[in-house]
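Contents: one structure, followed by commentary.
Not measured: the values here are computed from a predicted model. Side chains are part of it too, since the values below use all heavy atoms of this structure and drop only hydrogens, waters and symmetry mates. Numbering of ligands and ligand atoms starts at 1, following listing order.
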Amino acid sequence: MPEDVSESAGRRMLITGAAGGVGTFLRTGLAALGWQLRCLDLRMPDDPGGAEWIVGDISDAATLDAAMAGIDVVIHLAAIPIEDHFDAILHANIDGTYRVFDAAARAGVPRFLFASSNHAVGYYERSSLGNGRIPADARTRPDTFYGVSKVFGEAIGSFYHDRHGLQVACVRIGACYAEPKTRRMLDTWFSPGDAVRLFHTLATTPDLGYEIVYGVSANRTAWGNLDSARRLGYEPQDDSSAFADRFANQPIDPDDPEVRYLGGDFTTATPGPR
Ligand SMILES: NC(=O)c1ccc[n+]([C@@H]2O[C@H](COP(=O)([O-])OP(=O)(O)OC[C@H]3O[C@@H](n4cnc5c(N)ncnc54)[C@H](O)[C@@H]3O)[C@@H](O)[C@H]2O)c1
């Protein structure tokens, strides 16, 4: 079903981290759905599109105040997207996320969509799930300092919802790439088209309170339960099965962290560049 653009036409959205991989998919797709975009990043991308750009750091209060003015919806993506030393995660993902939430609340922005991650629940083992999928309200089991930072983002989102009435959705993104790159990504793949569909749905669905949803496509073997996302109106249109043949000849070792845990090799990742 085509997205309803009537809810987005002319409305203003801020995307932090907009020059990155997920940001590039989202700003391209959401602009096509009528959103007026303001993009904030440490750098300009090669293809800035028609959006308004602010080059700056989410740790800078004046930059954030300017970025929030007149905004209807924030999508907060800016972060270190992999494991790193705790001090680096603390600065970019924990302190930075607090500052973006706080600036949004001070500016009276009504709605905030936070890029969480499957690594907030990465220590769940497939064998513990049977044929089930992890509900969005299950206990968090972060697999890295990075995963811990995403649990923090979900928690501070809950606090800003309860204390300040901010409408918040936390999206536990799986693997948002043009195509699955590994066998594990057959489970976690979040197609760019479905990413645009889900974030547009969360930006426009009426009566959003506080929600945690999984950001994955309709993969046959997905780990995350899509009930909360579907309840809000998300209808994924892609699934990873078209790519399954690429990985069919790879042996499956149940003790391999890539197979055993939702978080894959993040469960053994050490801080620093991977
Ligand atoms: N790519 C995925 O599949 C995936 C999966 C789970 C979660 N996520 C989350 O989605 C978000 C985007 O991920 P990505 O893969 O696009 O990462 P990315 O590294 O491609 O993009 C992140 C962007 O944030 C910017 N940034 C970092 N620190 C900043 C700061 N202090 N101020 C301003 N901008 C800053 C970077 O310049 C970069 O352009 C991250 O929060 C990540 O944790 C991504």
Which of the atoms of ligand 1 are close to Tyr177, meaning less than 4.0 Å from one of its heavy atoms? 1 (N), 3 (O)
Do Asp187 and Arg126 meet the salt-bridge criterion of a basic N to acidic O distance under 4.0 Å? yes
Test: Arg99 and Asp95 ion pair at under 4.0 Å: yes
With a 4.0 Å cut-off on heavy atoms, does Ala175 reach ligand 1? yes
What class does the angle between the rings of Trp189 and Phe243 fall in, given that below 30° is parallel, 30 to 60° is tilted and above 60° is perpendicular? perpendicular
Is there a polar contact between ligand 1 and Asp41, counting only N or O atoms under 3.5 Å apart? yes
Should the proximity of Arg172 to ligand 1, defined as any heavy atom under 4.0 Å, be assigned to the side chain, the backbone, both, or neither? neither
Ignoring angles and geometry beyond distance, decide whether His76 reaches within less than 3.5 Å of ligand 1 through its nitrogen or oxygen atoms. no
Among Ala120, Gly17, Ala79, whose heavy atom sits nearest atom 27 (C) of ligand 1? Ala79
Touching ligand 1 at all, Gly174? Heavy atoms, strictly under 4.0 Å? yes
Quick one about Asp239 and Ser217 (side-chain donor to acceptor, distance below 3.5 Å, no hydrogens or angles considered), yes or no? no
Start with the C-alpha distance between Phe101 and Phe112, add both sets of side-chain angles, then the distance that settles ring pair (Phe, Tyr, Trp, His ring centres under 6.0 Å), and finish with yes or no. CA-CA 8 Å; Phe101 267 107; Phe112 195 110; 3.8 Å; yes
Mind checking whether Asp162 and Tyr210 have side chains closer than 4.5 Å, heavy atoms only? no
Hey, does Phe190 sit under 4.0 Å from ligand 1 if you only count heavy atoms? no
For ligand 1, which atoms, with element, lie under 4.0 Å from some heavy atom of Ser117? 6 (C), 7 (C)
Side chain to side chain contact (heavy atoms under 4.5 Å, CB included) evaluation trace for Leu202 with Val213: CA-CA 10 Å; Leu202 296 172; Val213 302; 4.1 Å; yes
Would you mind listing which atoms of ligand 1 come within a distance below 4.0 Å of any non-hydrogen atom of Ile173? 4 (C), 5 (C), 6 (C), 7 (C), 10 (O)
Please state whether Gly215 comes within less than 4.0 angstrom of ligand 1, counting heavy atoms only. no
Apply the test side chain to side chain contact (heavy atoms under 4.5 Å, CB included) to residues Leu26 and Val196: give CA-CA distance (whole Å), side-chain angles for both, the deciding distance (0.1 Å), then the verdict. CA-CA 6 Å; Leu26 291 184; Val196 171; 4.2 Å; yes
Taking the basic N atoms (NZ, or NE/NH1/NH2) and the acidic carboxylate oxygens, is any pair closer than 4.0 Å for Asp256 and Arg184? no
Is the shortest distance from a heavy atom of Thr16 to ligand 1 less than 4.0 Å? no
What are the atoms of ligand 1, with element, lying closer than 4.0 Å to any heavy atom of Asp57? 30 (C), 31 (N), 32 (N)
Donor-acceptor contacts under 3.5 Å from residues 166-175 side chains, at least two apart:
from   : atom 1 : to     : atom 2 : distance (Å)
Gln167 : OE1    : Arg111 : NE     : 2.7
Gln167 : OE1    : Arg111 : NH2    : 2.9
Arg172 : NE     : Glu154 : OE2    : 2.8
Arg172 : NH1    : Ala136 : O      : 3.4
Arg172 : NH1    : Tyr214 : OH     : 3.0
Arg172 : NH2    : Glu154 : OE1    : 2.9

Using 4.0 Å as the upper bound for N to carboxylate O, is an ion pair formed by Asp102 and Arg106? yes
Under 4.0 Å from a heavy atom of Arg43: give me the atoms of ligand 1 that qualify, with their elements. 37 (O), 39 (O)
Using non-hydrogen atoms of the residue, decide whether Gly56 is closer than 4.0 angstrom to ligand 1. yes
Does ligand 1 come near enough to Leu40 that some N or O of the ligand is less than 3.5 Å from an N or O of the residue? no
Is there a nitrogen or oxygen of Ile80 sitting under 3.5 Å from a nitrogen or oxygen of ligand 1? no
Nitrogen or oxygen of Ala78 less than 3.5 angstrom from that of ligand 1: no
Shortest protein contact, atom 10 (O) of ligand 1 (heavy atom only): Ala115 CB, 3.7 Å
Nearest heavy atom to atom 21 (O) of ligand 1, choosing from Ala195, Gly20, Ala19, Ser116, belongs to Gly20
Apply side chain to side chain contact (heavy atoms under 4.5 Å, CB included) to residues Arg139 and Tyr124 and explain how you reach the verdict. CA-CA 10 Å; Arg139 174 173 83 84; Tyr124 277 96; 3.9 Å; yes
With only distance considered, is Val22 within less than 3.5 Å of ligand 1 through an N or O on each side? yes
Mind checking whether Ser59 has an N or O less than 3.5 Å away from an N or O of ligand 1? no
Can you give each donor-acceptor pair under 3.5 Å made by side-chain atoms of residues 66-81, sequence neighbours left out, with the distance rounded to 0.1 Å?
from  : atom 1 : to    : atom 2 : distance (Å)
Asp72 : OD2    : Arg12 : N      : 2.8
His76 : ND1    : Thr16 : OG1    : 2.7
His76 : NE2    : Thr97 : OG1    : 3.1

